[in-house]
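Note that the structure is predicted; figures quoted are calculated from it, not measured. Both ligands and their constituent atoms are indexed starting at 1 by order of listing.
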Amino acid sequence: MKRRLITFEGSEGCGKTTQIARLKERLESLGEQVVVTREPGGTALGEAIRHLLKDAPEGRHMGARAELLLFSASRAELVGKVIAPALDDGAWVLCDRFIDSTVVYQGSARGLAMEMIGRLNDFATAGVRPGLTFLLDLSPEKAAERLQARATKDRIEEEDEAFFARVRDGFLRLAEVEPHRIKRIDADGSPEAVAEAVWKHFTEAFVL
Ligand code: Z5A
């Protein structure tokens with residue numbers, strides 16, 4: 001059976017949280033069991049790592065390799081403690097970011113070796129892979145507009161325009177390489193239009 005791990009990817013502010021909530025509601029209304037989680041985070045250890053990665057003064061000047069290892073540690077804990085047990089229970093797991101974010105942010109944008117990132121992703125997930133991934137594609141300009149309302153920026157959000165251009169290109173390239181798993185959706189539509197596109201791909205991939 002195809003794995004019931006569904007991941008949502010894209011640039012900051014592309015609407016992942018919004019769409020995960022909508023898909024959860026739709027699946028639950030059909031009597032399905034759903035677990036929602038996020039990366040980095042989703043466990044007590046993972047949330048502490050999230051704080052280090054985003055906001056803690058101790059993390060402010062971390063190097064790219066330390067950053068990669070922290071994302072990987074958070075993922076290992078999440079897969080072991082939350083994702084794998086939920087999948088074993090037959091639940092759908094909707095995860096806000098997963099392995100593709102590491103390939104894109106630490107690989108395409110930071111320039112770390114893809115081969116090492118692949119090995120760390122394999123190690124951290126023990127081979128657990130998404131059955132379907134939604135790439136909510138939004139231009140960096142539109143994403144910035146949506147996030148204007150937020151009072152402060154975290155460590156990664158402070159990167160420059162060129163960094164976020166590499167992020168977007170990296171995601172688009174991944175979607176071209178793995179079209180069966182990664183479904184690109186134009187995230188500039190209304191929340192309702194994006195949710196309908198998500199549902200269309202979902203029902204094409206899975207029989208409920
Ligand atoms: N990262 C990494 O480098 N390596 C890794 O391996 C992993 C992550 C796993 C996590 O940040 C950071 O870690 C992220 C990548 C990096 N850094 N960046 N930049 P995060 O978890 O704090 O945040 P995020 O994942 O980047 O995005 P977000 O802030 O959670 O946004 P979102 O969930 O994608 O969007 P949203 O909250 O649903 O919507 C944002 C706003 O837009 C909100 O006001 C909504 O009401 C509005 N919205 C949503 N949909 C629409 C539509 N369709 N139209 C108009 N407005 C909308």
Fill in: Point-to-point distance, once rounded to the nearest 0.5 Å, from CG of Leu70 to CZ of Arg50
13.5 Å
Practice prompt. Specify the protein heavy atom at minimum distance from atom 35 (O) of ligand 1: its residue, its atom name, and the distance to 0.1 Å.
Written response: Gly15 N, 3.1 Å
Worksheet item: Considering only the protein, which heavy-atom contact is closest to atom 52 (C) of ligand 1, and what is its distance?
Response: Arg146 NH2, 3.3 Å
Fill in: Interfacing atoms of ligand 1 (cut-off 4.0 Å, heavy-atom, Gln106)
2 (C), 3 (O), 4 (N), 5 (C), 6 (O)
Discussion item. Measuring from non-hydrogen atoms of Ser72 to any atom of ligand 1, is the shortest distance under 4.0 Å?
Written reply: no
Discussion item. Students should be able to answer this: which protein heavy-atom is nearest to atom 11 (O) of ligand 1, and at what distance?
Written reply: Lys54 NZ, 3.7 Å
Worksheet item: Is any heavy atom of the protein nearer than 4.0 Å to atom 23 (O) of ligand 1?
Response: no
Discussion item. What verdict does the side chain to side chain contact (heavy atoms under 4.5 Å, CB included) test give for Glu159 and Arg110, after you've listed the backbone C-alpha separation in whole Å, the side-chain angles of each residue and the deciding distance to 0.1 Å?
Written reply: CA-CA 11 Å; Glu159 291 292 339; Arg110 293 258 193 254; 2.9 Å; yes
Worksheet entry | Minimum side-chain heavy-atom gap Pro140-Glu12 below 4.5 Å | no
Fill in: Heavy-atom protein neighbour under 4.0 angstrom from atom 42 (O) of ligand 1
yes
Practice prompt. Using protein heavy atoms only, decide if any is under 4.0 Å from atom 16 (C) of ligand 1.
Written response: yes
Worksheet entry | Nearest option to atom 26 (O) of ligand 1, as decided by whichever heavy atom of Glu158, Glu192, Arg22, Arg97 sits closest | Arg97
Worksheet item: What residue and atom, counting heavy atoms only, is the protein's closest point to atom 33 (O) of ligand 1, and at what distance?
Response: Thr17 OG1, 2.4 Å
Worksheet item: Does ligand 1 have an atom under 4.0 Å from some heavy atom of Arg75?
Response: yes
Worksheet item: Can you list the atoms of ligand 1 that are under 4.0 Å from a heavy atom of Lys16?
Response: 24 (P), 25 (O), 27 (O), 30 (O), 32 (P), 33 (O), 34 (O), 35 (O), 38 (O)
Fill in: Check ion pair Glu115-Arg119 (N to O, under 4.0 angstrom)
yes
Item to complete: Please determine if Glu39 has a nitrogen or oxygen closer than 3.5 Å to a nitrogen or oxygen of ligand 1.
Response: no
Worksheet item: Looking at Glu178 and Arg181, does any basic side-chain N land under 4.0 Å from a carboxylate oxygen?
Response: yes
Worksheet item: What residue and atom, counting heavy atoms only, is the protein's closest point to atom 2 (C) of ligand 1, and at what distance?
Response: Phe71 CZ, 3.1 Å
Worksheet, complete the sentence: When distances are taken from atom 31 (O) of ligand 1, the protein heavy atom at minimum range is Gly13 N, 3.3 Å
Worksheet item: Can we say Arg60 and Glu158 salt-bridge, meaning some charged N sits less than 4.0 Å from an Asp/Glu carboxylate O?
Response: yes
Worksheet item: Considering only protein heavy atoms, which is closest to atom 49 (C) of ligand 1, and at what distance to one decimal place?
Response: Thr18 OG1, 3.3 Å
Item to complete: Check whether any heavy atom of Arg50 sits under 4.0 Å from an atom of ligand 1.
Response: yes
Item to complete: Using a 4.0 Å heavy-atom threshold (strictly under), name the region of Glu12 that reaches ligand 1: side chain, backbone, both or neither.
Response: both
Item to complete: Could you check if a side-chain atom of Ile182 sits within less than 4.5 angstrom of a side-chain atom of Phe171, using non-hydrogen atoms only?
Response: no
Worksheet item: Do Ser11 and Arg168 have a side chain donor and acceptor closer than 3.5 Å?
Response: no
Worksheet item: For residues Thr125 and Arg129, is any side-chain donor paired with an opposing acceptor at under 3.5 Å?
Response: yes
Item to complete: Run the numbers for me: atoms of ligand 1, each under 4.0 Å from some heavy atom of Phe164, listed by number.
Response: 19 (N)
Discussion item. Could you tell me if Ser101 and Glu39 have a donor-acceptor pair between their side chains, going purely by distance under 3.5 Å?
Written reply: no
Worksheet entry | Non-hydrogen atom of Glu67 closer than 4.0 Å to ligand 1 | no
Discussion item. Going by the rule side chain to side chain donor-acceptor pair (under 3.5 Å), which residues pair with Glu25 if we only count those two or more places apart in sequence or in a different chain?
Written reply: none
Worksheet item: Any cation-pi pair here, Arg4 with Phe206, using under 6.0 Å and within 45°?
Response: no
Discussion item. Counting only heavy atoms not in Arg146 (residues, nucleotides, ligands), do more than 12 fall under 6.0 Å from its CZ?
Written reply: yes
Worksheet entry | Ion pair Glu47/Arg38, N-O distance below 4.0 Å | yes
Worksheet item: In terms of atom number and element, which parts of ligand 1 are under 4.0 angstrom from non-hydrogen atoms of Thr102?
Response: 5 (C), 6 (O)
Discussion item. Considering both backbone and side-chain atoms of Val194, is one of its nitrogen or oxygen atoms within less than 3.5 Å of a nitrogen or oxygen in ligand 1?
Written reply: no
Worksheet item: Is the side chain of Arg155 donor-acceptor paired with the backbone N or O of Lys54 at a distance under 3.5 Å, no angle test?
Response: no
Worksheet item: To which protein heavy atom is atom 29 (O) of ligand 1 closest, and what is the distance rounded to 0.1 Å?
Response: Arg150 NH1, 2.7 Å
Worksheet item: Is there at least one pair of N or O atoms, one from Ile156 and one from ligand 1, spaced under 3.5 Å apart?
Response: no
Worksheet item: Is it the side chain (CB and beyond), the backbone, both or neither of Ala193 that lies under 4.0 Å from ligand 1, heavy atoms counted?
Response: neither
